[in-house]
Amino acid sequence: MIEIKELHKSYKVGKNSLHVLKGINFSVKEGELVSIMGSSGSGKSTLLNILGMLDEADSGSYHLDGVQIKNLSEKVAANYRNKFLGFIFQSFNLINYKNALDNVALPLYYQNVGRRERTDIAMSYLEKVGLADWAKHLPTELSGGQKQRVAIARALAGQPKVILADELTGALDTRTSYEIMDLIQQINDEGKTILVVTHEEDIAEMTKRIVNLKDGIIIDDKKVNQVKAMANV
Amino acid sequence: MFSKDKWSEVIQALTSNVFRTILTAFGVFWGIFILCLLLAAGNGLQNGVTQGFAGMSANSMFMWTQPTTKPYDGLPEGRRYNFKIEDVAAIENNVEGLKYVSPRNQLGGFGGANNVTRGLKTGAYNVYGDYPEIIEQEPTDIIKGRFINYNDIEEKRKVAVIGKGVQSELYEYGEEVLGTYVKIQGVNFMVIGVYEKKTATRGDIEEEQKKIFVPFTAFSRAFNYGNLVSWMAITAEDDESITALKSSVFEVIKERHRINPEDNNAIGNFDLYEQFQKISGLFTALDFVAYFVGLLVLMSGVIGISNIMLIVVKERTKEIGVRRALGATPWQIRGQILFESVFLTIIAGMAGISFATLFLYVVNYFLESMPSEDMMFLNPSVDFLTVLVALGILIIAGLIAGFIPAQNAIRVKPVEALRTE
């Protein structure tokens, strides 16, 4: 599903150049649940941004579902993001003047899905995350856990090939974090490929594979015995 | 472009901070309001002043004799002369493009002594000896009987058309007028018609109703004018201008009366067309000023919108980042900002136009409730074309206002946009 070879990325900070990714080789198969770990500054967010086509690598190759991702125009990148990827963020990033249903329907809006169909699809995903009763509520009326569930529903709504989650439990308490991870595991069990960036050991343990990043290189890549989140709630 | 989704997006975005939206919109509202009022004021003034010209065919002039100011052909300066009835034919034959050349004679004048009597009643009126064409040059409504015709002229009939004001002073209410006689300086004239003048050329509309028109030939004979003509009213054809033709008219007169061709003061004239042109020019200038000032005020409103849209874009950097992460193309983002800005501008502008219209309606209501004949201000209004022009200006203004913010919105990279807290 994801193929990365010799990925390099550096940022300019003033006059100095900061080499963040120093040759990453990495691949993810369909249906995997992978966590990328590392301390801050290890380059994990940069890697995720490149995977999410929000940022571009300086060198190296990146294939997503067989499609080479390189030198995309903004329009094509937008199109690929819409079709291939679902994003989940630490700070939820819901649009706060839109209710839960409209937020979930947003990726479908950019896929030019008709209004009625959009609402139906969005509603079915809200049901899936257990928030059907909250469809008409604004994000400000929801708890952190509920907001993240809406964000997950939104990431799923566009039927992406890969879901990218950036510190998705960073703003939640432990109990809520595990509930969210339980949801993520359910979705993964249904066959979705999911990448989770985190620095929390317990969250990483709930995935099937942990990739450790340090100073821009992968120092460790191992399969783990998945801890079921439900057991810890 | 006009899908329900786009609309709800815009409505949602604009209603997320209603107070700020209203304050922003007020700038444009005020600009278009001022523009409409200025244009309407110019229009009202124009209506008021041109109403004064409505009593006259505008492409006309009056001319009269004045003492000469230059010696010529053995004749001294300061010589007095009179137009002759033969001059009329000479002008008609020698100058192309004239529609009417009407010789006129006149008895009485403002504040003159009583000159007309009927039974025991007397009055002081202006009495004109005229040709039938004068009714075209100085439009008048005949409300009873008829006006002078060429049979009256040829047979020198002693008939008279009197004004409504004359009728009300010399006749009892309801008394039959046609066929009766009035005595003008001792000569009986039969009344054949009554006129009413709806608008005043100059001065008082009451005075305009107190005139008496009699055939030119009967006038000359009854009051011993021989072949003298006091003044002439000359109208040019519709596709000519009297201002351009009048010098040829003067040349004919100068030649026939042995006046120095250089003597510009020997013939007095009042050129309605020239006056009309001057005033038209004035109104064009007024319109220009109205547009200039109005557009400047509108521009400050537009800058306000642009400014607020910049803040809105800044505020929504993160939202824009999210949208782009979810698959919005740059043009969709740009389009949304532009659409919001144009929408806000047009709504505010239309509110301004509506409010201005309402305001003008009230002003008109008060103007009409206190009619005055010499009102310089009549029916101030904005015509439909102006509204369309204003609408066009608004759309362009909205696009301009939204352009820079929209550019800003897509210049930020999605990553940076998402990182903003």
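Reminder, nothing fancy here: chain letters follow the sequence lines and each chain counts from 1.
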- Message: I'd like to verify something: which residue of B:Thr329, B:Leu326, B:Val322, B:Thr15 has the highest number of heavy-atom pairs under 4.5 Å with chain A?
- Response: B:Leu326
Taking atom [atom1] as the centre, does [X] end up with more than 12 heavy-atom neighbours from other residues, nucleotides or ligands that are less than 6.0 angstrom away?
{"X": "B:Phe283", "atom1": "CZ", "result": "yes"}
{"X": "A:Lys214", "atom1": "NZ", "result": "no"}
{"X": "B:Ile404", "atom1": "CD1", "result": "no"}
{"X": "A:Tyr11", "atom1": "OH", "result": "yes"}
{"X": "A:Glu141", "atom1": "CD", "result": "yes"}
{"X": "A:Tyr80", "atom1": "OH", "result": "no"}
{"X": "B:Met299", "atom1": "CE", "result": "no"}

- Query: If you round to the nearest 0.5 Å, how far is CG of A:Leu106 from CZ of B:Arg323?
  - Reply: 5.0 Å
- Message: Show the nearest heavy-atom pair for residues B:Ala328 and A:Ala78, with the distance to one decimal.
- Response: O-CB, 3.4 Å
- Task: Identify the two heavy atoms, one from A:Glu74 and one from B:Arg324, that lie closest to each other, and give their separation to 0.1 Å.
- Result: OE1-NH2, 2.7 Å
If I measure from the heavy atoms of chain B, does [X] come under 4.5 Å with its side chain, its backbone, both, or neither?
{"X": "A:Phe89", "result": "side chain"}
{"X": "A:Asn49", "result": "side chain"}
{"X": "A:Asn96", "result": "neither"}
{"X": "A:Phe87", "result": "side chain"}

- Message: Quick check for you: among A:Lys83, A:Arg118, A:Gln111, which has the greatest number of heavy-atom pairs under 4.5 Å with chain B?
- Response: A:Arg118
